[in-house]
Structures are given as C-alpha cells and as structure tokens.
There are 2 protein chains.
Amino acid sequence: MAVDKGYMSGSSTMLVLAILAEKPYYGYELIKTLKQRSNDTFDMKEGTLYPILHKLENDALVASSNQEVSGRVRKVYAITEKGSRALAKEKQEWNEFSMAVNQVLTFGVV
Amino acid sequence: MAVDKGYMSGSSTMLVLAILAEKPYYGYELIKTLKQRSNDTFDMKEGTLYPILHKLENDALVASSNQEVSGRVRKVYAITEKGSRALAKEKQEWNEFSMAVNQVLTFGVV
DNA sequence: TTGACATACCTAGAATAACGAGGTATAATA
DNA sequence: TATTATACCTCGTTATTCTAGGTATGTCAA
C-alpha cells in the first residue's frame with residue numbers, strides 16, 4: 001500500500017464492493033481500477049484481493065462467472081443485491097468512523 | 001469499539017497522540033476522553049491502550065512520570081517533540097487515506 | 001465495617017487482516 | 001525464443017486489537 005497498511009484494515013472489503021457496484025470486474029482489472037480511482041494511493045496486492053473476493057462470494061455478496069473477455073476466459077465478479085445492501089451499511093460506518101477521527105484530530109482547533 | 005474494529009487498525013496510535021497533544025493524561029483518563037471526544041464512537045480497551053502507550057514511550061514519542069493527581073499517584077503521559085512531529089505526519093497520512101477512500105466511494109456520484 | 005463498584009495499571013493468548021513471496025499458466029512482444 | 005504483462009491462487013509471517021484475566025486502591029451505601 002502507498003499508505004500505511006494499518007489504515008487499510010477494515011476498508012478493503014468496502015472498497016472492493018464499491019468498485020463492483022459500478023460494473024462487474026475480474027480480479028486483476030479490479031486492482032488496477034482501485035489504484036486509478038485513488039490516484040495511486042491504494043495499491044492492493046493480489047494476496048489481499050483474492051481472499052477477499054473468495055470470502056465475499058462465500059457470503060453471497062458477489063457472484064462470479066467465467067466469461068470470455070478480449071479473447072481470454074476470466075473470472076468476472078458482480079455485486080449481488082445482498083452485496084449492495086452490505087456496501088450501503090459499510091459506507092455509513094465509514095462515515096461515522098471518519099467523522100469521529102476528524103473530530104478527535106481537530107479538537108480545540110478553530 | 002463501537003465501530004468495526006478493523007477501522008481502528010492504524011489510527012489508534014494517532015488518536016492517542018492527538019489526545020496527548022492537548023495536555024498530559026494518564027491511561028484511564030485517556031480512554032474516557034477519547035470516548036467523549038468521539039461521541040462514544042471510540043471505546044478503546046485497556047488491553048489496546050497500554051501496549052500502545054508502552055510502545056510510544058519506547059519510541060520516545062511520549063514520556064511518562066508518576067504524578068499525584070487528586071490524592072493518588074498516577075502514571076501521566078506527555079507527548080514529546082518527536083511525538084508532535086510524528087503526529088503531524090500521521091495526520092497528513094490520514095488525510096491522504098480518507099480522501100482516497102471517499103474518492104473511490106463517490107466515483108460516478110454527482 | 002463490609003461488600004460492591006469505580007478507578008487504575010498491567011499481561012497473555014486468541015482472533016483477524018493484510019502482506020510478502022512464492023507457484024502456475026497464458027498472451028503479447030521484442 | 002526469451003521476456004514481460006496478464007491472471008489466478010495459496011501459505012506463512014507480521015501487525016493490531018480484543019477478551020479475559022490479574023492486582024491494588026479509593027469510595028460509598030447498607
């Protein structure tokens with residue numbers, strides 16, 4: 001990660017879901033997209049992503065299918081209805097968390 | 001934690017330093033202050049705080065001294081010059097990180 | 001005065017999450 | 001043909017937090 005890896009903890013799953021909320025992606029493509037969207041701040045490793053995708057699929061938050069993309073079969077992941085609901089909840093938690101952090105950091109600052 | 005514990009990872013140390021940046025605190029007091037400042041979002045456990053304080057002291061980011069506070073000897077922690085510099089850096093990293101998250105979450109949203 | 005509760009500091013072990021480093025295979029390109 | 005990029009995967013290490021305990025003191029009500 002470009003940022004301290006500790007920060008990533010907990011938000012990785014949400015970030016993956018957020019990317020998939022737009023349209024289906026396959027793993028490798030997802031990493032590149034995440035990197036782009038974050039202006040090179042997030043450089044998620046494959047050793048991080050694939051276990052996350054497998055867990056998401058296991059929990060039925062995403063569904064995978066083998067599809068031919070530009071002449072090659074790839075495992076494409078799509079978000080499910082359940083996944084969309086989970087994402088909405090995680091976004092809410094993230095907002096609560098980040099606001100609380102900013103509140104502590106800016107205490108006393110006018 | 002009131003929020004998912006995963007989110008805390010990485011920011012706990014920064015939050016402790018941020019509290020100490022205002023004035024010296026002893027451990028127990030610090031937990032209560034953090035909880036107040038965050039509107040009950042952060043409920044840090046003692047098993048989390050004390051190891052953090054010990055590590056911070058070991059790295060010379062804080063300094064401790066036994067002081068009598070309201071008729072009782074307590075271990076009071078104060079931020080050092082080095083600690084202030086570390087806090088400034090961590091704040092910067094936090095800003096970079098949270099902005100990147102928000103950028104990914106709000107992609108395509110007008 | 002005695003028992004319960006809050007205060008106050010601490011540690012060991014379990015759980016979780018991300019990473020590094022490796023493996024395997026195919027396609028493109030020089 | 002050799003190298004690089006693509007593409008998916010797993011295992012073991014490391015880092016961080018929590019749970020659950022231990023110890024001790026002060027306060028307050030029954």
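A note on names: the letters A, B, ... follow the listed sequences, proteins ahead of strands, and every chain is numbered from 1. Basis for what follows: all heavy atoms, side chains included, without hydrogens, waters or symmetry-related copies.
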note: Glu46(A), atom CD; dT24(C), atom P; distance rounded to Å ~ 16 Å

Taken to the nearest whole Å, OH/Tyr25(B) to P/dC9(C) is 14 Å

Residue pair Gly71(A)/Ile52(A) against DNA chain C: nearer the 5' end by closest nucleotide is Ile52(A)

Rounded to whole Å, OH of Tyr26(A) lies from P of dT26(C) at a distance of 17 Å

Check your understanding: For dT11(C), does either OP1 or OP2 sit under 4.0 Å from a side-chain N or O belonging to His54(B)?
Key -> yes

When rounded to whole Å, the CG to C1' distance for the pair Leu30(A) and dT6(D) reads 15 Å

| said: Can you confirm if the NZ or CZ of Lys23(A) lies within 45° of the ring axis of Tyr25(A) and under 6.0 Å from the centre of its six-membered ring? | reply: yes

Met44(A) atom CE is separated from dG20(C) atom P, nearest whole Å, by 13 Å

Between the CG atom in Asn102(A) and the OG atom in Ser98(B), the distance rounded to the nearest 0.5 Å is 6.0 Å

Between Val73(A) and Ser11(B), the residue closer to the 5' end of DNA chain D by nearest nucleotide is Val73(A)

So CD of Gln103(B) and CG of Leu105(B): to nearest 0.5 Å the spacing works out to 10.5 Å

Stems for DNA chain D (at least 3 consecutive Watson-Crick or G-U pairs, under 3.5 Å) come to C:1-30 with D:1-30

- Query: What is the nucleic acid contact for Glu29(B), judged by heavy atoms within less than 4.0 Å: base, sugar-phosphate only, or nothing?
  - Reply: nothing

note: Asp43(B), atom CG; dC18(D), atom P; distance rounded to Å ~ 9 Å

Looking only at dG26(D), dC10(C), dT17(D), the nucleotide nearest the Ser12(B) side chain is dT17(D)

*asked:* Students often get this wrong, so: under 4.0 angstrom with heavy atoms, is Lys32(A) touching a base, only sugar-phosphate, or nothing?
replied: sugar-phosphate

Between CG of Leu49(B) and P of dA20(D) the distance, given in whole Å, is 19 Å

Applying side-chain hydrogen bond (donor to acceptor under 3.5 Å, both in side chains) to Asn95(A) and not counting sequence neighbours gives none

Check your understanding: Looking for any heavy atom pair under 4.0 Å, which part of the strands does Gly10(B) touch: base, sugar-phosphate only, or nothing?
Key -> sugar-phosphate

Think Tyr50(A) has a side-chain N or O under 4.0 angstrom from the OP1 or OP2 of dC9(D)?
-> no

**Request:** May I ask you to evaluate whether Lys45(B) reaches the phosphate of dA20(D), defined as a side-chain N or O under 4.0 Å from OP1 or OP2?
**Result:** no

So OH of Tyr26(A) and CD1 of Ile31(A): to nearest 0.5 Å the spacing works out to 11.5 Å

Item to complete: Give one of base, sugar-phosphate or nothing for Tyr7(A), where a contact means two heavy atoms less than 4.0 Å apart.
Response: nothing

Test item: Lys82(B) side-chain N/O and Asp59(B) main-chain N/O as donor-acceptor pair under 3.5 Å = yes

query: Should Ser9(B) be listed as having a side-chain N or O under 4.0 Å from OP1 or OP2 of dT16(C)?
result: no

Under a 3.5 Å distance rule, please check whether Thr80(B) uses its side chain to pair with a backbone N or O of Ala60(B) as donor and acceptor. yes

note: Met8(B), atom CE; dC18(D), atom P; distance rounded to Å ~ 7 Å

Under 4.0 angstrom, heavy atoms only, what part of the nucleic acid is Gly27(B) near: base, sugar-phosphate, or nothing? sugar-phosphate

Residues at least two apart in sequence or cross-chain that pass salt bridge (Lys or Arg N to Asp or Glu O under 4.0 Å) with Glu22(A), listed by chain then number, are Arg37(A)

From the candidates dC9(C), dA24(D), dT6(D), the one with an atom nearest any side-chain atom of Tyr28(B) is dC9(C)

